[in-house]
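Positions are given from 1 along the sequence. Read the numbers this way: they start at 1 and go in the same order the structure lists the ligands and their atoms.
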Amino acid sequence: MTDQDGPPETGEGEASGAARAPDDLFLRIVAGELPATIVHSDELVVAFRDVAPQAPVHVLVVPRERYETVAELAAAAPATLARLVEVAQRVADAECGGQFRLVFNSGPAVGQSVMHVHGHVLGGRGFTWPPG
Ligand code: DGP
């Protein structure tokens, strides 16, 4: 894996939904159409800082292709999900000693506001359990 590769060539089939859905904020960030502080980019995933950080480290890792939920991503493109988790660990290794909380909100009822699957990598402070 390199940090700056070209366009996606996943070989894992088509992403669900409209590949260029105009309301998909994260597709627009992946395409470079919206600004973001990108901390990692490869042929499968892009990681960038959350615009409203909830912890000293708060990075979103998203697939380049559009899937709505983590379960959908796991079923359709498991290698991309594995890469997403690998990148989450790499971000945490670089920024908060390797320990982190990885959150996938799946559905509006539990807080998903952007319907393009994203892992929240949270770290750099203590966390309580259970989450709110
Ligand atoms: P969720 O609620 O799980 O769907 O998380 C969406 C996250 O995305 C939320 O923490 C805020 C972040 N976010 C929303 N819009 C933008 C944006 O335009 N840029 C960046 N960097 N983050 C965004």
Side-chain angles (χ1 to χ4, degrees):
M1 174 170 57
T2 63
D3 277 356
Q4 297 290 340
D5 283 341
E9 293 179 14
T10 67
E12 291 189 285
E14 294 298 316
S16 69
R20 298 287 303 166
D23 60 338
D24 187 331
L25 269 180
F26 292 169
L27 270 187
R28 296 185 65 199
I29 287 174
V30 164
E33 295 169 6
L34 287 179
T37 303
I38 292 175
V39 299
H40 174 92
S41 176
D42 65 39
E43 79 280 15
L44 296 179
V45 303
V46 176
F48 51 90
R49 298 201 188 281
D50 195 291
V51 76
Q54 303 301 309
V57 176
H58 190 170
V59 167
L60 303 175
V61 191
V62 311
R64 286 184 174 274
E65 293 189 323
R66 183 170 191 261
Y67 303 91
E68 285 199 358
T69 67
V70 66
E72 197 178 320
L73 176 62
T80 301
L81 177 57
R83 178 69 61 79
L84 187 158
V85 174
E86 179 187 347
V87 168
Q89 182 68 64
R90 285 175 55 161
V91 168
D93 287 345
E95 302 197 14
C96 51
Q99 299 190 54
F100 62 106
R101 186 170 285 184
L102 181 57
V103 174
F104 293 94
N105 293 322
S106 295
V110 297
Q112 186 173 9
S113 61
V114 179
M115 301 308 290
H116 179 132
V117 59
H118 47 284
H120 294 257
V121 182
L122 296 150
R125 66 167 169 81
F127 288 84
T128 59
W129 191 263

How far apart are the C-alpha atoms of Leu84 and Leu73, what are their side-chain angles, what is the distance that settles it, and do they pass the side chain to side chain contact (heavy atoms under 4.5 Å, CB included) test?
CA-CA 10 Å; Leu84 187 158; Leu73 176 62; 4.2 Å; yes

Let me know which protein residues bring a heavy atom to under 4.0 Å of ligand 1; chain then number is fine for ordering.
Leu25, Phe26, Ile29, Phe48, Arg49, Asp50, Val51, Leu60, Asn105, Gly111, Gln112, Ser113, Val114, His118, His120

With sequence neighbours excluded, residues passing ring-ring contact (aromatic ring centres under 6.0 Å, His included) with His116:
none

Does anything in residues 45-56 pair up under side chain to side chain donor-acceptor pair (under 3.5 Å), and if so which pairs, sequence neighbours excluded?
Arg49-Glu95, Asp50-His58

State the CG-CG distance between Leu44 and Leu81, to the nearest 0.5 angstrom.
11.0 Å

How far apart are the closest heavy atoms of Val121 and Ala88, and which atoms are they?
CG2-CB, 3.6 Å

Distance-only donor-acceptor hits, side chain of residues 100-114, under 3.5 Å, sequence neighbours excluded:
| from | atom 1 | to | atom 2 | distance (Å) |
| --- | --- | --- | --- | --- |
| Arg101 | NH1 | Thr128 | O | 3.3 |
| Arg101 | NH2 | Thr128 | O | 3.0 |
| Gln112 | OE1 | Gly107 | N | 2.8 |
| Gln112 | NE2 | Glu68 | O | 2.9 |
| Gln112 | NE2 | Val114 | O | 3.1 |

